[in-house]
Protein chains: 2
Amino acid sequence: MATTWQEQLRTAGLRVTRPRLSVLQVLAERPHADVDTIVSAARALHPTLSPQAVYGVLQALVSSGLARRIEPAGAPALFELRVGDNHHHLVCRSCGAVADVDCTVGAAPCLTPSDTAGFVVDEAEVVFWGLCRECRVRTPGVTAQVLQHDNRGGVNA
Amino acid sequence: MATTWQEQLRTAGLRVTRPRLSVLQVLAERPHADVDTIVSAARALHPTLSPQAVYGVLQALVSSGLARRIEPAGAPALFELRVGDNHHHLVCRSCGAVADVDCTVGAAPCLTPSDTAGFVVDEAEVVFWGLCRECRVRTPGVTAQVLQHDNRGGVNA
DNA sequence: CCGTTTCCTTGAATCAGTCAAATCACGGCG
DNA sequence: CGCCGTGATTTGACTGATTCAAGGAAACGG
């Protein structure tokens with residue numbers, strides 16, 4: 001990372017504070033962390049940090065483009081520092097683990113819908129649902145069960 | 001609709017009750033309704049209907065495959081009766097309006113990620129974010145503002 | 001080093017959704 | 001046609017994630 005967190009914050013017009021640096025550090029170590037995780041981990045760096053402070057910091061980071069908020073259905077929000085590089089996410093239905101997926105295709109046909117119903121689209125968000133390797137190994141029979149509760153059928157496309 | 005709601009419920013192994021028929025009716029008239037909307041509208045058909053009953057009904061419908069639950073980030077869950085036909089959604093950042101998008105492409109390259117990080121993927125969910133026609137007309141300057149708060153950049157693909 | 005502005009803390013409130021116990025009614029059986 | 005058992009609904013309380021508001025503290029320009 002050529003630029004430091006300090007520089008990034010200043011460039012974004014934000015003051016450099018201990019809570020913000022702590023949160024940034026945590027997010028750098030753990031991409032896709034939820035608020036709870038961030039609070040716990042950041043307290044190692046700043047023991048008096050309050051959850052509300054973390055919410056405030058995250059909102060500031062997201063608003064200024066330093067962080068991105070993702071909200072998998074049925075789970076608390078997650079935050080990541082990878083921004084502006086067009087990537088999507090794999091989410092495990094069983095444990096909630098999240099992995100990044102680079103979008104290899106420049107102009108994906110499915111992502112520029114023919115009929116936009118009068119909408120002006122500025123972003124296409126893709127979430128891949130499945131089971132991570134650990135969960136598949138741990139509970140081999142889970143697939144059918146899990147699928148039953150969510151949308152059935154194969155991969156939508 | 002060749003089959004009646006009664007038949008669909010019985011086929012799914014569910015009892016035919018007034019709350020369920022009311023909710024189905026409402027969903028048929030208003031695709032993409034949230035729980036609040038469903039409760040209000042369904043009370044016209046069944047005045048003593050409780051919110052918890054609606055939650056129960058919706059859970060039963062989703063579990064049995066008669067309805068689908070969608071959860072746009074930052075909004076309460078929405079429900080629809082279109083199931084099993086691989087379609088996605090357009091969501092208005094301003095008013096939350098939702099429209100269906102048929103997925104015209106059979107095998108979309110972006111939807112079978114090359115590197116699945118060990119995940120077994122069973123569904124690809126796509127959400128197109130933008131502004132609906134009404135919101136664009138109503139508040140022509142909103143686009144920039146709105147985008148500032150969410151992920152910036154052009155259409156991810 | 002001081003003042004202004006922004007940020008963090010503390011405490012309370014909101015909202016969506018869930019849990020649990022008791023009542024009610026669908027629909028099979030006699 | 002009416003009874004019974006299972007499953008559904010009602011009522012009420014509760015959790016968990018997130019937000020709001022007021023006062024105090026800290027950043028940073030001068």
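Letters A, B, ... are given to chains in the order of the sequence lines, protein chains preceding strands, and every chain is numbered from 1.
Side-chain nitrogen and oxygen atoms of A:Tyr55 include at least one within less than 4.0 Å of the OP1 or OP2 phosphate oxygen of D:dT18.
Here D:dA8 is the nucleotide among D:dA17, C:dG17, D:dA8 with the atom lying nearest to any side-chain atom of B:Arg20. When the nucleotides C:dG17, D:dT10, D:dA17 are ranked by their closest atom to the side chain of B:Ser50, D:dT10 comes out on top. Closest contact between the side chain of B:Gln52 and the listed nucleotides C:dC8, D:dC28, C:dT18 involves C:dT18. Nearest to the side chain of A:Arg15, among D:dA8, C:dT6, C:dC8, sits C:dT6. Listed nucleotides: D:dT9, C:dT9, D:dT10. Nearest to the side chain of A:Thr48: C:dT9. Distances from the side chain of A:Thr17 to the nucleotides D:dC28, C:dA16, C:dC8 place C:dC8 closest.
If you find the closest nucleotide of DNA chain C to B:Ala75 and to B:Leu14, the one lying nearer the 5' end belongs to B:Ala75.
A:Glu80 and A:His89 share a donor-acceptor pair across their side chains, judged by distance under 3.5 Å alone. No side-chain donor-acceptor contact under 3.5 Å links A:His88 and A:Asp102.
If you take CZ of A:Arg18 and P of C:dC8, they are 12 Å apart, rounded to a whole angstrom. Across the protein-nucleic acid pair, A:Ile70 atom CD1 and D:dA17 atom P stand 16 Å apart, rounded to whole Å. Remark: P of D:dA26 and CG of A:Leu9 are 18 Å apart, rounded to the nearest angstrom. In this structure, CD1 of B:Ile38 is placed 10 Å from P of C:dG17, rounded to the nearest angstrom. One atom, CZ of B:Arg10, and another, P of D:dA8, lie 13 Å apart when rounded to the nearest Å. Rounded to whole angstrom, the span from the CG atom of A:Leu78 across to the C1' atom of D:dT18 amounts to 14 Å. Between the CG atom of A:Asp36 and the C1' atom of D:dA17 there is a distance of 9 Å, given to the nearest Å. Summarising the geometry, the separation between CZ on A:Arg43 and C1' on C:dC8 is reported as 13 Å, rounded to the nearest angstrom.
Contacts of A:Ala60 with the nucleic acid, taken as non-hydrogen atoms under 4.0 Å apart, are absent.
The residues A:Arg136 and A:Glu134 are annotated as not salt-bridged, no charged nitrogen and carboxylate oxygen being separated by less than 4.0 angstrom.
B:Arg30 is linked by a salt bridge (Lys or Arg N to Asp or Glu O under 4.0 Å) to nothing, counting only residues two or more places apart in sequence or in another chain.
Side-chain atoms of B:Ser64 come within 3.5 Å of backbone N or O of B:Leu61 as a donor-acceptor pair.
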